[in-house]
Amino acid sequence: MMRMYLDKPFVEWTTEEREKYLMEQYKAMLEAEKRLNAFITLRSVEEIEKEFHVASGPLKGLLLPVKDNISTKGILTTCASKMLSNYKPPYNAHVVDVLLRVGAVVVGKTNMDEFAMGNTGETSFYGPTRNPWDIDRVPGGSSSGSAVAVAWRGLMALGSDTGGSIRQPAGYTGILGLKPTYGMVSRYGLVSYAESLEQIGPLARYSRDLAMLYYYLTEPDERDITMANGVERKMMREKLMRIAMDEVDRQRAMEDTIIAYPSRLVDEADESIQNKFYDALEFLRELGCYIEDVDADFLRASLAAYYIIAMVEASSNLARYDGSNYGYRIDAYTYWDMVGRSRIDGFGEEVKRRIIMGGFASSKGYEGRYYIRSLKVRRWIKNNLLNILSRYRFLALPTSPVMPPKLGEVAGPEGYVQDIYTVIPNLTGHPAISIPIGFVEGLPLGIQFIGRYYDEPGLILLARVLEGKLYDPNNVPGGD
Amino acid sequence: MKELDKKYILKIMRLVMIEEDPGKYIEDIDKILNLFNELDSFEENVKDLPPLYHPLEQPGMLRPDIINQCKIEINEVTTNISDGYVSSPPIRGVKKFKEP
């Protein structure tokens, strides 16, 4: 039976099952590559088997799709860009090293929006990824391939989240996606787009698998100086392991939890999304949660502030791609011609647009009006959100205001509004999760919860509570 | 978009080394500027606040700058290396450096 291995979380697999289902997993990933363009690089069976047999540890038997902006030694890491189409990193990202050490095998590098700039999975130099629930629609982005690989009979994957790049595709494909508290996961080896916003994070089918994968991702790393230190990490990891081992009282986990939702902001989502959103909140109310409407109109400033900050940081981070040391190069008679022509031909339109606008927003004369003001707005939003989260444990929002658009339907700046709910925790550094809450006309959709700093266990517990009730983790596109 | 901004965008395109026909970007840049300008309406709320550059405002702990194998490893994936240096075309118009 094709789907036997999806009947229970990976953490419950026996040693025999891990070996037995290895090739089943690989076949599924091969299909995800061929049908849905989920991978930029898929490794060979021989490589996978060889690494599996020498692997050991709790994740032995897991084939892990890794987003193509996370460095993997000796394996192409293109960021879905022509600019890095020939780049094989000489080192592993910290998270990759950790996961290899506990037995996982990198099955391949997943498709994504170029340099993580996009929310549809369409800006990739390698062509768009397709939504497995309707191949004429986008799967969301930028971690499009990672989400699709999991939704299409996969188990877990690594993505990165700069403004919703894990949560939004997770919502569009009906799986779980977690954006960590800023500083909980080492960014060593993550190709930078906007360093003050982005974090590597997990996507998974089952909440217990999500907890297990995230447990390993949070291993400290002194090479990333922005990593948060202190007792929070140790306490959080203990809680994560308890969830992964199913040592929590699922029935009573959410009793007396107070959850806020900003109805005036939710009103901006499609009506069908609002209906499902409120159904999910009602379900939580029946479980014993208190649900309250809050005034959070300050969040309306998030989208503009986010895009200014992201573009300014992108403009700086992508200055390194000049054709000199590595990456794509067009040879020319002079140095400046070489740099200019390599960048014009090496970057896609969306990336160039963001570099230009980032340069503009941080340039002398405009910096105060745009960049500095956006940083002040960021503080204002953070202060107000901290105030809300001091009174409520979670803030609930739809993951996206719209259902997944058709391929080519939304392009460029017109699509930025899809990020309206997801950019908020990236500005403030809070953790957030997208949890599936059912289907509308055959397409999955998600609810997003923003939590207090270091309360990722609480967010995953929410998923644990809703699992099997509002969504079926064993449900896969295409039947069988 | 104001005429001043158009000229300025051209200047920015030169600075970020993406100097191509601005025509294809103008319409999208206009839309992005409209989004940016939405922050104007929040000026009263934020004018006295200090900027927040980093979400958690933690002090950066600098680590020792130790020379390791990284440079050698990076050079292994670099083409156009000669004598340990990355070769690139000449920068024309710059006076050649003379040994004292």
Side-chain angles (χ1 to χ4, degrees), chain A residues 87-91 182-183 196-197 222-223 225-226 228 298 301 303-305 307-308 315 319 322-326 331-340 343-344 347 352-353 355-357 359-361 363 366 370 372-380 382 412-414 416 427-429 453, chain B residues 5 8-9 11-20 22 24-25 27-43 45-56 58 60-63 69-70 72-80 86-94:
Chain A
Y87 175 61
K88 288 183 180 174
Y91 62 94
Y182 189 92
S196 82
L197 302 164
E222 63 178 18
R223 292 170 298 184
I225 60 165
T226 63
F298 63 92
L303 194 67
Y307 269 100
I308 293 171
S315 188
D322 58 6
S324 292
N325 205 7
Y326 56 89
D331 280 317
Y333 187 57
T334 72
Y335 174 76
W336 298 116
D337 274 352
M338 179 199 81
V339 175
R343 284 168 69 81
I344 287 169
F347 290 133
K352 285 189 274 192
R353 213 165 14 234
I355 291 173
I356 293 164
M357 290 311 291
F360 170 75
S363 62
Y366 289 89
Y370 295 115
I372 300 299
R373 185 190 279 165
S374 70
L375 295 172
K376 291 179 175 185
V377 167
R378 182 184 205 173
R379 183 178 294 281
W380 183 58
K382 180 181 170 181
E414 282 162 11
Y416 293 175
L427 286 170
T428 62
Y453 291 128
Chain B
D5 290 337
Y8 200 72
I9 291 291
K11 185 181 167 189
I12 295 295
M13 288 174 85
R14 275 199 293 279
L15 285 173
V16 298
M17 303 296 293
I18 296 175
E19 197 177 354
E20 53 183 345
K24 66 177 180 181
Y25 291 106
E27 195 182 325
D28 284 338
I29 284 173
D30 230 5
K31 288 175 191 163
I32 296 171
L33 275 180
N34 285 338
L35 172 66
F36 284 7
N37 290 335
E38 284 179 13
L39 290 191
D40 289 351
S41 58
F42 297 98
E43 176 60 20
N45 302 94
V46 303
K47 65 182 179 189
D48 298 326
L49 290 175
L52 178 64
Y53 289 92
H54 196 273
L56 298 187
Q58 296 176 112
M61 302 294 286
L62 297 179
R63 57 189 157 86
Q69 289 295 308
C70 196
I72 296 164
E73 288 170 355
I74 287 173
N75 281 351
E76 281 173 3
V77 297
T78 305
T79 53
N80 308 304
V86 178
S87 64
S88 63
I91 302 172
R92 300 185 78 200
V94 178

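Residue numbers begin at 1 in each chain, while the letters A, B, ... track the order of the sequences.
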S.K.: Just so I understand: if I count every heavy-atom pair under 4.5 Å between each of A/Val377, A/Leu427, A/Asp331, A/Val339 and chain B, which residue has the most?
M.R.: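 Greatest number of close heavy-atom pairs with chain B: A/Val377.
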
S.K.: How far does CE of A/Met357 sit from CG of B/Leu35, to the nearest 0.5 angstrom?
M.R.: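 Between A/Met357 CE and B/Leu35 CG, I get 9.0 Å after rounding to 0.5 Å.
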
S.K.: Working to the nearest 0.5 angstrom, can you tell me the gap between A/Ile308 CD1 and B/Asn37 CG?
M.R.: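 Here the interatomic distance stands at 8.0 Å.
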
S.K.: Using modelled atom types only, decide if a donor and an acceptor are shared between the side chain of A/Arg373 and the backbone of B/Glu43 within a distance under 3.5 Å.
M.R.: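 No, the answer is negative, given that no donor and acceptor are paired below the 3.5 Å cut-off.
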
S.K.: Is it the side chain or the backbone of B/Asp40 that comes within 4.5 Å of chain A heavy atoms, both, or neither?
M.R.: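 For B/Asp40, the contact with chain A is made by backbone and side chain together.
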
S.K.: Parallel, tilted or perpendicular: which one describes the rings of A/Tyr182 and B/His54, with boundaries at 30° and 60°?
M.R.: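 Rings of A/Tyr182 and B/His54: perpendicular, as their planes differ by over 60°.
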
S.K.: Which answer fits B/Ile12, side chain, backbone, both or neither, if we ask what part of it has an atom under 4.5 Å from a heavy atom of chain A?
M.R.: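 When you check distances to chain A, only side chain atoms of B/Ile12 fall under 4.5 Å.
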
S.K.: If you define the side chain from C-beta out and look only at heavy atoms, does anything of A/Tyr453 sit under 4.5 Å from B/Leu56?
M.R.: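 Heavy-atom side-chain distance check passes, below 4.5 Å.
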
S.K.: Counting only heavy atoms closer than 4.5 Å, note whether A/Ala301 contacts chain B via side chain, backbone, both or neither.
M.R.: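 Contact with chain B involves both backbone and side-chain atoms of A/Ala301.
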
S.K.: Measure the CH2-CG distance between A/Trp380 and B/Leu39 for me, rounded to the nearest 0.5 Å.
M.R.: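 Going from CH2 on A/Trp380 over to CG on B/Leu39, the span is 10.0 Å.
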
S.K.: Between A/Arg378 (side chain) and B/Pro51 (backbone), is there a donor-acceptor pair under 3.5 Å?
M.R.: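 Checking the backbone N and O of B/Pro51 against the side chain of A/Arg378, no donor-acceptor pair under 3.5 Å is found.
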
S.K.: Do A/Tyr366 and B/Tyr8 have ring centroids that are under 6.0 Å from one another?
M.R.: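 Centroid distance B/Tyr8-A/Tyr366: below 6.0 Å, so yes.
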
S.K.: Test A/Lys376 against B/Phe42 for side chain to side chain contact (heavy atoms under 4.5 Å, CB included), laying out the working first.
M.R.: CA-CA 10 Å; A/Lys376 291 179 175 185; B/Phe42 297 98; over 6 Å; no

S.K.: Counting distance only, does the side-chain N/O of A/Lys382 pair as donor-acceptor with the main-chain N or O of B/Pro55 below 3.5 Å?
M.R.: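 Checking the backbone N and O of B/Pro55 against the side chain of A/Lys382, a donor-acceptor pair under 3.5 Å is found.
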
S.K.: With a 4.5 angstrom heavy-atom cut-off, which part of A/Ser315 approaches chain B: side chain, backbone, both or neither?
M.R.: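 Side chain only.
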
S.K.: Just do the side chain to side chain contact (heavy atoms under 4.5 Å, CB included) check on B/Leu15 and A/Phe360 with the steps written out, would you?
M.R.: CA-CA 10 Å; B/Leu15 285 173; A/Phe360 170 75; over 6 Å; no

S.K.: Say you draw a straight line from OH of B/Tyr53 to CD1 of A/Ile372; how long is it, rounded to the nearest 0.5 Å?
M.R.: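 So the gap between those two atoms works out to 3.5 Å.
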
S.K.: Give, for atom CD1 of A/Ile356 and atom CD1 of B/Ile29, the distance between the pair rounded to the nearest 0.5 Å.
M.R.: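 Answer rounded to 0.5 Å: 5.5 Å.
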
S.K.: How long is the span from the CG atom in A/Asp322 to the CE atom in B/Met17, to the nearest 0.5 Å?
M.R.: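 Between A/Asp322 CG and B/Met17 CE, I get 8.5 Å after rounding to 0.5 Å.
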
S.K.: Can you tell me which portion of B/Ser41 sits under 4.5 Å from chain A's heavy atoms? Options are side chain, backbone, both or neither.
M.R.: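 The answer is neither part of B/Ser41.
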
S.K.: With a 4.5 Å cut-off on heavy-atom pairs, point out which of A/Tyr87, A/Phe347, A/Tyr307 contacts chain B the most.
M.R.: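 When all of A/Tyr87, A/Phe347, A/Tyr307 are compared, A/Tyr307 has the most.
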
S.K.: Indicate the atoms forming the closest heavy-atom contact of B/Val16 with A/Gly359, along with that distance.
M.R.: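 Shortest heavy-atom separation between B/Val16 and A/Gly359 comes out as CG1-CA, 4.4 Å.
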
S.K.: Which of the residues B/Lys47, B/Glu20, B/Glu19, B/Glu38 is involved in the greatest number of heavy-atom pairs with chain A at under 4.5 angstrom?
M.R.: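 When all of B/Lys47, B/Glu20, B/Glu19, B/Glu38 are compared, B/Glu20 has the most.
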
